[in-house]
Chemist: 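Okay, here's the structure, questions in a sec.
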2 protein chains.
Amino acid sequence: MGKKSEITRQKIMDAAYRLFIEKGYDGLRMQELADRAGVNKGLLHHYFRSKQALFNSIFTRSVDELFGRIIDTAGEEKTLEARLHGIVDVYFDTLLDNPQLPVFVFFELNRNPQQVLAYFGLERLRLLVNNLSANGREIPIRQALHMVVSMVSLCVFPFMARPVILQFMKNQADFSRFIEERRPLVKSLLSHMLLTL
Amino acid sequence: MGKKSEITRQKIMDAAYRLFIEKGYDGLRMQELADRAGVNKGLLHHYFRSKQALFNSIFTRSVDELFGRIIDTAGEEKTLEARLHGIVDVYFDTLLDNPQLPVFVFFELNRNPQQVLAYFGLERLRLLVNNLSANGREIPIRQALHMVVSMVSLCVFPFMARPVILQFMKNQADFSRFIEERRPLVKSLLSHMLLTL
DNA sequence: GTCTATAAGTAGATAGAC
DNA sequence: GTCTATCTACTTATAGAC
């Protein structure tokens, strides 16, 4: 493969990533994608066999972005509380740059739940819960699941509700400030949860 | 209008409600909707001018279902804590019956944020926050916004993540049990939040 | 590698018979 | 009120020139 082909491929991937996340699978038109990527429509099929094939690679990347880094953070050599606080920071940093990511991933997962198994790999998810419970030595596995759900809820949902929250504010900068205010708030809540387990 | 026309109209609305929520606006095909409703495709356009018009009435109903009842609960003549706990119960009860509702609403709001203003009425949302802060007598308005976001996050997100959470369980009944376990957990968290304001 | 042209199928919407 | 048939536009995907 030449260098130019890799560049074109990347231009398509970048545009597809942004457009799929914005519009979902059914909402994206191949022509619009070609325009946005600055390439010819025929090239989309030359580099990726079909719309579905292109979507699959984008979706894999999206799920990885949404879950991958927090799984790593959950496995670090730190106290449980420090790891939880670390995950909060990772989430807020990632999602401030990419606020539409979660609603896209969960909508597509809801539309086609089989994709969970195919692209995500259930094992990595179990790893996340296990990393927090440390095989039951720190907290029981069932409690760890509740903890993970609460943590992800508090971190991720505000971004999914962004269009609504924005109605209470003047602009995007206000939203960012609101999120920054939540950072210590969520950490404190999670610390309290740890005490009550 | 005759009685039969009302029945047909209702059959269409019911099928559209389920299908739009399952597939989103772009994913729904009018033919599939006609099949599911047990009516002819032409009738869809006879009763509702267009797909968009049909969607609009479904979306209004969906937003109302997701926010309407909690706004009422927030305004009841009770202590702030009792109202918060009441909202948790309303959410869990509603969403156990209709788990796909939130991801649909937030996906469509994200796709077309103008719909917030058009169909929801920003005023009712402000009312919710105001009801909780009671015009600043109970808690400041900014804190009330954080409280509402935290509460809705903890109640709604687990349903949006249902396809993922289900991977940790055997069946739908297990998921319902998991949600029931969360009911006191979330209430206790919210009570703690009230103390720290 | 990139483009144009077009195939093949399907979408929403409408007209008109019954 | 309900159905069949059909129109027009647009969709993904491909074939083949350059």
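Chain A is the first sequence line, chain B the second, and so forth, proteins listed ahead of strands; every chain is numbered from 1. The shown structure was predicted, so the numbers you read here are calculated from the model rather than taken from an experiment.
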Chemist: Rounded to whole angstrom units, what separation is found between the CG atom of A:Leu43 and the C1' atom of D:dA13?
Modeler: 14 Å

Chemist: Using atom CD of B:Gln52 as one end and atom P of C:dA11 as the other, report the distance to the nearest whole Å.
Modeler: 18 Å

Chemist: Angle class for the A:Phe178/B:His146 ring planes (parallel below 30°, perpendicular above 60°, tilted otherwise)?
Modeler: parallel

Chemist: Quick check on C:dG12: is either OP1 or OP2 less than 4.0 Å from any side-chain nitrogen or oxygen of B:Lys51?
Modeler: yes

Chemist: Mapping B:His46 and A:Ser50 to their closest nucleotides on DNA chain D, which lands nearer the 5' end?
Modeler: B:His46

Chemist: How many Å lie between CD1 on B:Ile7 and C1' on D:dT2, as a whole number?
Modeler: 15 Å

Chemist: Check the angle between the aromatic planes of A:Phe55 and A:Phe20 and answer parallel, tilted or perpendicular using the 30° and 60° thresholds.
Modeler: perpendicular

Chemist: Report the distance from atom NZ of B:Lys3 to atom P of D:dG1, rounded to the nearest whole Å.
Modeler: 14 Å

Chemist: Determine: side-chain N/O of B:Tyr47 to OP1/OP2 of D:dG1, distance under 4.0 Å, yes or no.
Modeler: no

Chemist: Please walk me through it: do B:Arg162 and B:Gln172 pass side-chain contact (heavy atoms from CB on, under 4.5 Å)?
Modeler: CA-CA 10 Å; B:Arg162 192 177 66 126; B:Gln172 170 60 36; 2.7 Å; yes

Chemist: To the nearest 0.5 angstrom, please state how far the CZ atom of A:Phe59 sits from the CG atom of A:Asn112.
Modeler: 8.0 Å

Chemist: Give the rounded distance in Å between these two atoms: CZ of A:Phe55 and P of D:dT11.
Modeler: 19 Å

Chemist: Given D:dG1, C:dT2, D:dA13, which nucleotide is nearest the side-chain atoms of A:Thr8?
Modeler: C:dT2

Chemist: Within the side chain of A:Arg49, is there an N or O that forms a donor-acceptor pair under 3.5 Å with the backbone of A:His46?
Modeler: no

Chemist: OP1 or OP2 of D:dA13 less than 4.0 angstrom from a side-chain nitrogen or oxygen of A:His45, does that happen here?
Modeler: yes

Chemist: Just distance, no hydrogens or angles: give the donor-acceptor pairs under 3.5 Å from side chains in residues 183-197 of chain B, sequence neighbours left out.
Modeler:
residue, atom, partner, partner atom, Å
B:Arg183, NE, B:Glu180, OE1, 2.9
B:Arg183, NH1, B:Asp89, OD1, 2.9
B:Arg183, NH1, B:Asp93, OD1, 3.3
B:Arg183, NH2, B:Asp93, OD1, 2.9
B:Arg183, NH2, B:Glu180, OE1, 3.4
B:Arg183, NH2, B:Glu180, OE2, 3.0
B:Lys187, NZ, B:Asp89, OD1, 3.1
B:Lys187, NZ, B:Asp89, OD2, 3.0
B:Ser191, OG, B:Glu81, OE2, 2.5
B:Ser191, OG, B:His85, NE2, 2.9
B:Ser191, OG, B:Lys187, O, 3.1
B:His192, ND1, A:His192, ND1, 3.4
B:Thr196, OG1, B:Met193, O, 2.9

Chemist: Establish, from distance only, whether the side-chain atoms of B:Gln10 and B:Tyr47 form a donor-acceptor pair under 3.5 Å.
Modeler: no

Chemist: Rounded to the nearest Å, what distance is computed from the CG atom of residue B:Leu19 to the P atom of nucleotide C:dA11?
Modeler: 14 Å

Chemist: Listed in order of residue number, which residues of residues 22-42 of chain A have a non-hydrogen atom at under 4.0 Å from DNA chain D?
Modeler: A:Leu28, A:Arg29, A:Met30, A:Lys41

